[in-house]
Each structure stands twice: as C-alpha cells, then as structure tokens.
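Naming convention: chains lettered A, B, ... in sequence-line order (proteins, then strands); numbering from 1 in each chain.
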Amino acid sequence: MGHTIGEIARALGAEAAGDLSLVIERAAEPAAAGPEALALAMDPKYADGIAKGRARAALLWAGADWQGLGLQAAVFAPRGRLAMAGLTRLMDGGPEIAVGVHPLSVIDESAVIGAGAAIGPFVTIGRGVVIGARARIASHVSVAEGAVIGADALLCQGVRIGARVRIGDRFIAQPGAVVGSDGFSFVTPEKSGVEEIRETLGERTEIRAQSWTRIHSLGAVSIGDDVELGANVCIDRGTIRDTVIGSGSKLDNLVHIGHNVQIGRDCLLCGQVGIAGSARIGDRVVMAGQCGVNDNIFVGDDVIAGGATKIFTNAPAGRVLLGYPAVKMETHVELQKALRRLPRLARRVEELEKTVTERLPDAG
Amino acid sequence: MGHTIGEIARALGAEAAGDLSLVIERAAEPAAAGPEALALAMDPKYADGIAKGRARAALLWAGADWQGLGLQAAVFAPRGRLAMAGLTRLMDGGPEIAVGVHPLSVIDESAVIGAGAAIGPFVTIGRGVVIGARARIASHVSVAEGAVIGADALLCQGVRIGARVRIGDRFIAQPGAVVGSDGFSFVTPEKSGVEEIRETLGERTEIRAQSWTRIHSLGAVSIGDDVELGANVCIDRGTIRDTVIGSGSKLDNLVHIGHNVQIGRDCLLCGQVGIAGSARIGDRVVMAGQCGVNDNIFVGDDVIAGGATKIFTNAPAGRVLLGYPAVKMETHVELQKALRRLPRLARRVEELEKTVTERLPDAG
Amino acid sequence: MGHTIGEIARALGAEAAGDLSLVIERAAEPAAAGPEALALAMDPKYADGIAKGRARAALLWAGADWQGLGLQAAVFAPRGRLAMAGLTRLMDGGPEIAVGVHPLSVIDESAVIGAGAAIGPFVTIGRGVVIGARARIASHVSVAEGAVIGADALLCQGVRIGARVRIGDRFIAQPGAVVGSDGFSFVTPEKSGVEEIRETLGERTEIRAQSWTRIHSLGAVSIGDDVELGANVCIDRGTIRDTVIGSGSKLDNLVHIGHNVQIGRDCLLCGQVGIAGSARIGDRVVMAGQCGVNDNIFVGDDVIAGGATKIFTNAPAGRVLLGYPAVKMETHVELQKALRRLPRLARRVEELEKTVTERLPDAG
C-alpha cells in the first residue's frame, strides 16, 4: 500500500517539493523513520529527529528547508494535525475483512445487505435488518432484528447493535461497543428512598423495605451520520422514545449513555464519561475523561467540561466547567487556590483571636 | 403483538373506560402517538400532547376526563411509573431467539438445558453446566464449565459466565456483561509500597523495586434471584469464598465489582459504579453513577450515595452520602456553601488584620 | 486435581508437618472447610474457625500448634499472602480448553500457532499472526492480522487483539479485554474551542461551529512480558508510534488506556482507572480504582495514587497522591480537615468582626 510523495500531497491538498515519485510505505516519527517512511516533523522542534533517522522524505512545517535537512522530498503541512488527519486516513488500510459474507455467519434471509459489504466470520444479522453499501462488519458482531445501518459503516469485532436501532452513514464502532442495551429504570410500589431524598435533600422520615420492578425499554437508539463509538461503549435504549446521538458526535472508550439521553451534534465525549438517564446534551459539547452528568438535566451548546467534572445541575450554553460539583472553570481555579491557603488562613484567624482577646480593652 | 385495552387494564390491575376491545400495537409519547398506539399521559401536564397526536386511547392519571380529551378508551394508572413497569413488560417482546439450540452452537454433552430454552448461534456451554427452564440465550454467549443458572434467564449477546458461577432465577444480563473474571489480587515478596502507605498514611521510608505475584481466584460468583446486570458489567470471582450479589439487586452498565465483594439484596448500583475488593454492601443500598467504594470497607443497609460519591470509610446504615471523600449529604452541602464563600472570607480576614494592626493600641 | 500436603509444601517452598501424604482437593476458609479441603488460617485470629470447620489440614502461621488445633497435617506460611499466591497457582486448573484447534474456528493459513496451544470454538486468527507455545485461547477470541503473542498466553472469552499488536510472554487477558482499538483523536479545520480554552485557561473569545476530522491510528500496541488485563479493559493503538505497556504491569477491569500512552514496568492500575492520550507513566506506579490521568502529562516512577485521584499535572517520582485535583496525600488530609472546620471558622471570623467593630475605639 505504498504512496508517492505526489499522491500524498494531492490527498492532503498540500504543497510538495523534491522527488514527487518517491514511494512511501508508512509514516514514522523522525528518529525512528527508515528510508521507506515519511518522517512526521510538522514543527521545527522535530528537525533534530530527522538527522537521527534515515527518512528520505518528511511532512514538514511550512517554509522548512527540506534540502538543508538532507531530504530528497517533502510535503508541507500548513496546519499540522489537520494534515495528520488526511495522511493517516490515506495510510490506514483498515481491518482486513473479505468482501462478501463469510460462510460461518448467520444472516437472516429477510436482511438486506448493501452492495460491496464485507461480513466476517461468526456474525449474526437478524430479521429485517438493513445494512448500507460498503459496510465492513468484522468477526463476532451481532446486529439484532429490525436494525438499520447506513452506508460505509465499520463495525469492529464483537460490536452489539440492538433491535430496531437506527444508525446513519459512515458509522464507526470499536470492538465491544454496545448500542441498544436495556435502560436502567426501576420503580418501587411505594415511594422509594431515593425519591424521598430528592424531595427533602437528605432527610429521611423512615426506611422501608423496597424491591425494584423493572420498566422495560420499548424505545430504541437513533444515531445520526458520522458518529463514532469507542471500545466497550454502552448506549441504552429509550423507554418509549429513542435515545438519540446527533450527527458528527464521537464517544470514546467505555462511555456510558443512559436511557432517553439526547446528545446533540458534533459532541466529543472522552474516555469513561457517563451521562445518566434522560439528560439532554447540546451541540458541540466537549467533555474530558471521566466526566459525569446527572439524570434529567440539560447541558447547553458548546459547553466544555474538564477532566472528571461532575455536572449536577443545568449548564448554560458556552460555559467552561470544572470540578465536583461542576462550577465555572475560573471559579474552580479560584476556589482551589483559596482551599490551598485555608490551613494558613485558619492559623491567621487564630492569631487574630489571640491578639484581639489579649489586647482589646475589656475584651478578655 | 397487539393487546386490547381490556387486556392491558387487566395486566396492570388498573381500571379502564370506553372501548375495551380497541387493539393497541405499541406505546408512545402523546404527541407522537398514532391511532395504533397507547398514549402515555399519566400526569395532567401531558394532556396537551394528546391533542397534538392521533391516539385513540391513553394511559391516564386517575380521574382524567378521557372523553373530554377526545379518546375512545382509557386506562387509569394510580401510580404512573409503576403502571409503566406493567405496561412495558406486557409490550416488550424481548429478543428474538428461536426455541431450541441453534446448530452453530457448541453445547457440551454433559450440560443440562431446561425445558423451553432458546439458544442462539455461536453460543458455547461448557461441561456440567445447568441452565434452567425457559432460558433465552442470545448469540455469542459463553457459559463456562460447572456454571448453574436458574429458570427464566435472559443472557444477551456476548455475555460471559465463568466457571462454577451460580445464578438464581429470572437473571437478566445485558450484552457484554462478564461474571467471573479473575480477581485483581497481587502480592510482593517484600512489603509493598502500598502496604507501607496504608500503615503510615503517606510516609515512605524507602522505595524498593517490586514485582507482582498473582493470587489466583479459586472462588466463584454467587448471584441470587431477580438480579440484573447492565452492558459490559464486570464481576470478579472470589479468592477462596465466592463474590456474592444478593437477590433483587440491579447493576447498571459498566459497573465493576471486585473479588470477594458481598452485595446485599435489592441494591441499585448505577452506571460506572466501582466496588473494590472485599467491600461489603448491605441491603437496599442505592449508589448513583460513578460512585466508588474502597476495598475492605462496609456500607450499611439503606445507604444512599449521590453521583460520583467516593466512599473511603465504613458507612453506617441509612446514611445519605455525597462527595469526595464521602460525607453526609447535608454536610457536603454545607461545606460546598462554605467553600464558595471562602475567597470572600479570606478577604474579610485580611481586612480584619489590617484593622486590628492599624487601630489596636500598641499592636502595630 | 488433588495434591498431597507434601506437594503443596514443596510448591510453596514452605515447611510442613504431620501426614504429608494427606490429599487435598481444594482450599477453603477454615469454618467452611470440609475434610477434603486445606483450611487457610495464616493468622492466629483464624484459629477459632478451624474448630468450626472439618478440615484435617491447614495452611498455618509460622509456629502454630497444629496438633492442638486438632489437625492431621499442616503447612506453615512465612508470609501469608505470598503463600496464597503459590497455593492458588497450584490449585487453579484454569479454563477448560482442549489442546489443539477447535473445528469451529477460523485460523488463517498463514498464522503460526505454537506447540501445545489450545484454541476454543468461534475463535478467529488473522493473516500472519504468530501465537506462542502453550497458548490457551478461549472461545470467541479474535486476533487480527499481524499480531504477535508470546508463550504461555491466556486469552479469555471474547478478548480482542487488534492488528499488528505485539505482546510478550505469559500474557493474561480477562473476558472482553480490547487491545488495539483506534485512538480518540480528532482535529478541527480551525482552532477548536478546546485548544483555545487550554491556552487561555477558561476564556473564550467566540464560539464557532466545528466538526471533527478523524486522525487514524497507524501505530499499534506493544506489551511486555507478564502483563495482565482485566475484563473489558480498553487499550488504544498509537497514532504513529505504539502505545506501550511495560513488562509486569497489571490492569484491572474496565481500565482505559488512551492512544500513545506509555506505561512503565510493574505498574498496578486498579478498576476503572483512565489514562488519557499521550500520558507517560513511570515504573511501579500504583493507582487505586477510578483514578484519572490527564493527557500529555508525566507520572514519575513509584507514584502511588489513592482512590479516584485525578492527576492533572506532572507528578514527580515517589509522590503519594490523593484528591481532585491530585495533591500530596498529607496535603489532602490537611486540606480536608481544614475544610471540615471551615463553617466554624467562618462563624469565628464573624464573631471577630463583631468584636472588633463593637469594641475597637472609633472603628464602629
């Protein structure tokens, strides 16, 4: 799967110089690059690395002196990480799945499989499923009855798509991702302790025995275009209406999405984020790893939450959040600073008390 | 799978009015309901939605004027969410798995499969396994040697049941749940850094090289009746005795249960909760999402912990907890309030110091 | 799989007394031990339990009066938990997988399978894979093209090994572990809101629409010897270079390792720990459950982090950390103590203000 420097430059919409016919087999960090690799040095700080490696060509910062670096060819990346997107897309062969349906798969005869699809071994496709064109479905995947998946999907090994789930085009799911597990929704015949706590903010009048009766999830999951799910992600189905993931949103490994949750467009939810049932998340929301969102609350468009932020109450659009419980990032920084000084503050108060007690007329 | 209004009312033990022979195909939110759907409007605030939709029948609050709402029939739900439990149970057809054993499964000949069981493709059932009557086992499930599972189980796609695990009746496991992974238990030949820290609360006399020797898990997992596990849940086996999950307890997606943990009856552990090894959790304990429990501690009956509460020390029965580290909910609220005022408090102390320094006789 | 007391003592390198030919079938807690079991009583506090059970032999603390305890034989463990390691290793038969390749597996003809390997049903092994001697591969495992796994591996049910992943000897992966999922790396054509926040620490000049372009992962995962992964662990591949897990490191259930992360040797990462992309973790680092590490930072050798510690900045070698954000453990304890006293401190300041206002000459 070699590519010439000229092909790479065209794929990136970038300028190139030198021997455009030079063939590149892979990308590499500058010091580790062999003569068959394109050294990635989009910043002058990586120039030294080129000398240490054996690359003949490199992806360089704009204006770099490629000949001075001893190279035979160069591609110039105006915005480094964006060039990385194009380059890695070009060079990623993706998983090897033969086009067609592996004989050791179980495809219901009513299922419709799009043209050019590749389905690996030990895959199950249920009754009435529709899979779009050019789908790549790796081994051990299950797609349950009535699910519909758009064109150009990539379902990695062991992905689980539940019944009646609907997914748009260009969907990617890493191994073990689960879409359409039942919601975690239970009810007690009497008012439960949790309901009482929510009403009283912590007071409990009595503690009763209680057992949980299941509310089944009749809804499904509805996923837009260009959505990606990390490994072992879990997305629950809705109770009556669907759980929704908007187009362009990306979920990292081990993210948990509760039942009835609505996620907007172009969100980024990093590793181990958890969104509790019926929460609504706006568009372009970014949550760093291990963030949590309370059930039934609203997080506005363009909110950004730092690592492990725990959002308990509605968050207005555009806010930058941090902390447990979540507060504005600048407030969090101020509070942490004050907290760090608190032991000293306590000593100063003690000192003041002593001074006042000792010195104030008839205060002793 | 239609149901008449009369059947639905009988199943819920609820009263009905109007055309009891009207057939309902599914449940829907009022505004989205077509003529074949039962509109769910258990609260007067949903009355408007009925006018927007096309439902001919609805599940209504007690005393609702169903004819005034333009309906042909109605079921009256005394406690809304409990009625939802009955209704969704009635309407959930569950996963489609043909009764019998799929030919592309590998069932050890010594295994005993209960009457009426349905086992999908690519399932493995090990030596000496016992599966109860009417079990539904979806594709890609593995049940290892010696495991025993009660009647009416539902194992969704890709569930893993480890060797010698024992599970009661009416067990439900969502896709990817793992019961019986090995415990995370390691020992160093010399006292480890962690052991020293625990003894000294942070002081380290020296840092030594150390490597970890594995303690294998010889115990299994013992699970009561009516237990449900979310997607990608992990429950480790015990070292010598079994890890135990009491009857009626429900675990949400991505919950982690360490080795030797004992969970009582009717607990609710929400998404991404983690219980470290050898912790003991009482009955009816409820933990919101992302809570954590330290190893080897005890959480009493009826404890309720808010989102992302991290419990480091024993918690007495009935306590309502919040925070990192966990404190009583009311204490947490008070401390957070005080913390929010801390920067202002610091300024007030500074002011006081200035005042005292400047004005107090011979204090300058 | 019985063992004589003599065999057990030899395996542990421990002393034994009494009838060394007595055959033991399993290990048990003292009170639960039958006559076929070895009672585990490595501490005098367990002596009472022996009387309650029916064990004829026990693993005892050094110097125990085994005859006074009514036993026929005893093994003496100098360091209890280390003896547990040896004993449980001896007694753990491991999963039952027949040696050879199950006919319902799909093994690429170019794959090289080591001598004595056991491969269960529904396993897929891709093109050019190399699996070491005596590997045990349970059902439903997938090993993608070009992966290399050393000798004596144990891959439990449903483990996913991605393309070109390289793993050393004695690797253990619990069910559902994923090695080699794609990294979570996206770029926007313009500077993203997140990039701006990082530069300005919370200030946003404007909010723009943005959609995410994927950076594919061309790197793989490189894992040393003696590494163990818990159930449903996720390890992402690197973007260009490999993600690295050093020899001897152990990862518990549901741990998340982002792309490009470097983990040193002999680390212990407990349940649900998350390490964000490009973080570097030193040797012998221990993180308790639910810890989080920010992307692109460094955690030095021998760092120990308590439960749910969230590490946002570089941590020097040997430090003991706790809290969100992480601080030195002793600082965390001091700050929490001060915080608990804060409401009282606020009242004392109020009192002081009143005193000063009322009593200080012309301060009123």
Identify which part of [X] has an atom lying under 4.5 Å from any heavy atom of chain C, answering side chain, backbone, both or neither.
| X | value |
| --- | --- |
| B:L218 | side chain |
| B:V273 | backbone |
| B:I240 | side chain |
| B:V293 | neither |
| B:R160 | side chain |
| B:L352 | side chain |
| B:V141 | backbone |
| B:L342 | side chain |
| B:F312 | side chain |

| task | Evaluate the side-chain proximity of C:E353 to B:T355: yes if any heavy-atom separation is below 4.5 Å, no if none is. | result | no
Mind listing the closest non-hydrogen atom pair of [X] and [Y] along with its distance?
| X | Y | answer |
| --- | --- | --- |
| B:V255 | C:L254 | O-CD1, 3.9 Å |
| C:A85 | B:V187 | CB-CG1, 3.8 Å |
| C:H332 | B:P325 | CE1-CD, 4.2 Å |
| C:H140 | B:F122 | NE2-O, 2.7 Å |
| C:Q290 | B:Q272 | NE2-O, 3.5 Å |

| Toward chain B, the part of C:E96 with a non-hydrogen atom under 4.5 Å | both
| said: Please classify the contact of C:T331 with chain B as side chain, backbone, both or neither, using a heavy-atom distance under 4.5 Å. | reply: neither
Is it true that a side-chain atom of [X] and a backbone atom of [Y] form a donor plus acceptor pair closer than 3.5 Å?
| X | Y | answer |
| --- | --- | --- |
| C:E228 | B:F184 | no |
| B:W212 | C:G248 | no |
| C:N232 | B:N232 | yes |

| query | Who among C:V333, C:L268, C:L87, C:V349 has the most heavy-atom pairs with chain B under 4.5 Å? | reply | C:L268
| Hey, do the aromatic rings of C:Y324 and B:Y324 have their centres closer than 6.0 Å? | no
